[in-house]
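In what follows, chains carry the letters A, B, and so on, assigned in the order in which the sequence lines appear, proteins first and then strands, with residues in each chain numbered from 1.
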Protein chains: 2
Amino acid sequence: MARDRDFTTVGRALAAPARSVFVNLLMDGTTRPAGELAHAAGVSPSTASEHLGVLVDAGLVRCEPRGRHRYYALAGPDVATALEALGGLTGDAPVTSLRRSREAERLAGARFCYDHLAGRLGVALTDAWVERGWLADSDTLALTAVGSDGLRGIGVDVDAAVGGRRATTRACTDWTERRPHLAGALGAAVGARFLRAGWVVRAPAGRGVRVTPTGLDMLRTAWGIDSDIALPTAG
Amino acid sequence: MARDRDFTTVGRALAAPARSVFVNLLMDGTTRPAGELAHAAGVSPSTASEHLGVLVDAGLVRCEPRGRHRYYALAGPDVATALEALGGLTGDAPVTSLRRSREAERLAGARFCYDHLAGRLGVALTDAWVERGWLADSDTLALTAVGSDGLRGIGVDVDAAVGGRRATTRACTDWTERRPHLAGALGAAVGARFLRAGWVVRAPAGRGVRVTPTGLDMLRTAWGIDSDIALPTAG
DNA sequence: AGCACGCTTCGGCGAGCGCCGCAACGTCCC
DNA sequence: GGGACGTTGCGGCGCTCGCCGAAGCGTGCT
């Protein structure tokens, strides 16, 4: 059946400012308890609970109870993909405070975009791998044989990323850099490897990541990526 | 600057049922006058005018006055792409009448998805070209050298589709068939060629297309695509 | 067991939105 | 120029939605 699509539920789910903030926070792939989301959006816990219910009903967010907390996360990679595409059409959300401005600066350096690395770090990695012939210079950043070996060499679980239902490689246009970087199943595998190896660590709160000294050294020696690319800009 | 995205305006724009209908109607790439859209959605002209204003303000739709009519269309390919991605998350819109059900049947056969062919016809063409090695069996359906010659041979303006700002090839997951078909700049060029050659004609109203006898013959002899693939199912 | 904590549900308030009819404006046609 | 037509702008009505505070429920800690 080729019916029309009903955009009203998804649209309505995204229409409220608080829910837009929630979705933004969850786009780094993290799972967060309801209270943290409420605090971040500046609404009461009860209001946040209602909003989260709307997002769950719309199929954008899923909920998993853990002890007395209830953790929320995006429902899946397809949701993240759709939101990315939608984000390319929208304007920037207003910066509400100096703290958020600082936070924005840090995010520009390195962050997670659902489950893959983004920001200057994500773009720099992708550029380096394209230059080395690990990824094809195409719309999909297809993985080459050389790249398969190379990524395996740094401990990326390439086999798990290939052949699944999810697209192996996908180019995600960075909101900051307006340039493509590696996403898809392989992007997720790379992100997982960087976390597991301790090359980056997630910021305690927020969606940013910090590149560790080990990670900086690794980036420089392996691909000549300069340190200030992966770090927040000075000031 | 890596700021958060404000999904509220786009979300709100899609939240109203009438606006969802408008967007669905425009997703075939046609430009339609305000009155036709109003009639299709079952709202008064004044209401439709307000809704269209909201869609224009949100950047989803653009308006071009022609005489005493004002024609509306999607703002661009990126909007169509985002809506496709979003459509993959949403459910079907309820079928409101038998006439709409018949219409849905016809759309399943062949239709335009913004500017490229979709439905069983779009999927069959893509399958045939992948099988012949004209398109790579990848996530992007990348154009091969053989395919470039082949498409040029049937009059597709390949050169115009390559090297532009827009992605040359892109896989668009069909809502009907749940299978990928050719989209992007090349998909648009193919669609334009099919129209220009008279292999398909747009239905007088609605988003469907009808395959002409010439087109049927061409599809069968060139790629062995059976006629009932491109036609509405019987009944 | 008792308490503290996180989260959800419920009632109620105010604001915003979708809908229409009517009037006004510009364009096309006779 | 006069009339018909397509479209937009403006009040007004009703409904929904976002927001909160208070109460209820389940979990974890002591």
Return the value, rounded to whole Å, for the distance between atom CZ of R32(B) and atom C1' of dG6(D). 17 Å

Closest listed nucleotide, where the reference is the side chain of V43(B) and the choices are dG18(C), dT9(C), dC20(C): dC20(C)

Candidates dC19(D), dT8(D), dC17(C) - which lies nearest the side chain of T47(A): dC19(D)

May I ask you to check if R202(B) and F112(B) form a cation-pi contact, with NZ or CZ under 6.0 angstrom from the six-membered ring centre and within 45° of the axis? yes

Would you kindly give the NE2-to-C1' distance between H51(B) and dG16(C), to the nearest whole Å? 14 Å

Out of dG18(D), dC10(D), dT8(C), which has the shortest distance to the side chain of P45(A)? dT8(C)

Is any N or O donor-acceptor pair between the side chain of S46(A) and the base of dG21(D) shorter than 3.5 Å? yes

Mind checking whether M218(A) and I154(A) have side chains closer than 4.5 Å, heavy atoms only? yes

Between C1' on dC19(D) and CZ on F22(A), what's the gap in Å once rounded to a whole number? 12 Å

Hydrogens and angles aside, do S44(B) and T47(B) bring a side-chain donor and acceptor to less than 3.5 Å of each other? yes

Does a side-chain N or O from H69(A) land closer than 4.0 Å to OP1 or OP2 of dC7(C), or not? yes

Nearest-nucleotide pick for S44(B), side chain only, options being dG18(C), dC20(C), dT7(D): dC20(C)

Heavy-atom side-chain proximity of R193(B) to D157(B) below 4.5 angstrom: no

Between atom CG in L37(B) and atom C1' in dT8(D), what is the gap in whole Å? 15 Å

What's the CG-C1' distance between L52(A) and dT9(C), to the nearest Å? 14 Å

Nearest-nucleotide wise, let me know which of R66(A) and A18(A) is further upstream toward the 5' end of DNA chain D. A18(A)

Is any side-chain N or O of R70(A) closer than 4.0 Å to OP1 or OP2 of dG6(C)? no

Using a cut-off of 4.0 Å on non-hydrogen atoms, how would the nucleic acid contact of R19(A) be classed: base, sugar-phosphate, or nothing? sugar-phosphate

Within the 4.0 Å heavy-atom criterion, would you say Y72(A) contacts the bases, only the backbone, or no part of the nucleic acid? sugar-phosphate

Side-chain atoms of R68(A) come closest, of dT8(C), dG26(D), dT8(D), to dG26(D)

Just to be sure I understand the rule, does P33(A) reach a base, reach only the sugar-phosphate, or reach nothing, if contact means heavy atoms closer than 4.0 Å? sugar-phosphate

Nucleotide nearest E50(B) when distance is taken to its side chain, options dT7(D), dC7(C), dC20(C): dC20(C)

Return the orientation label for the H116(B) and H181(B) ring planes: parallel under 30°, perpendicular over 60°, tilted otherwise. tilted

By nearest atom, which of the nucleotides dG18(C), dG18(D), dT7(D) is closest to the A16(A) side chain? dG18(D)

Output the rounded distance in Å from CZ (R12(A)) to P (dC15(D)). 15 Å

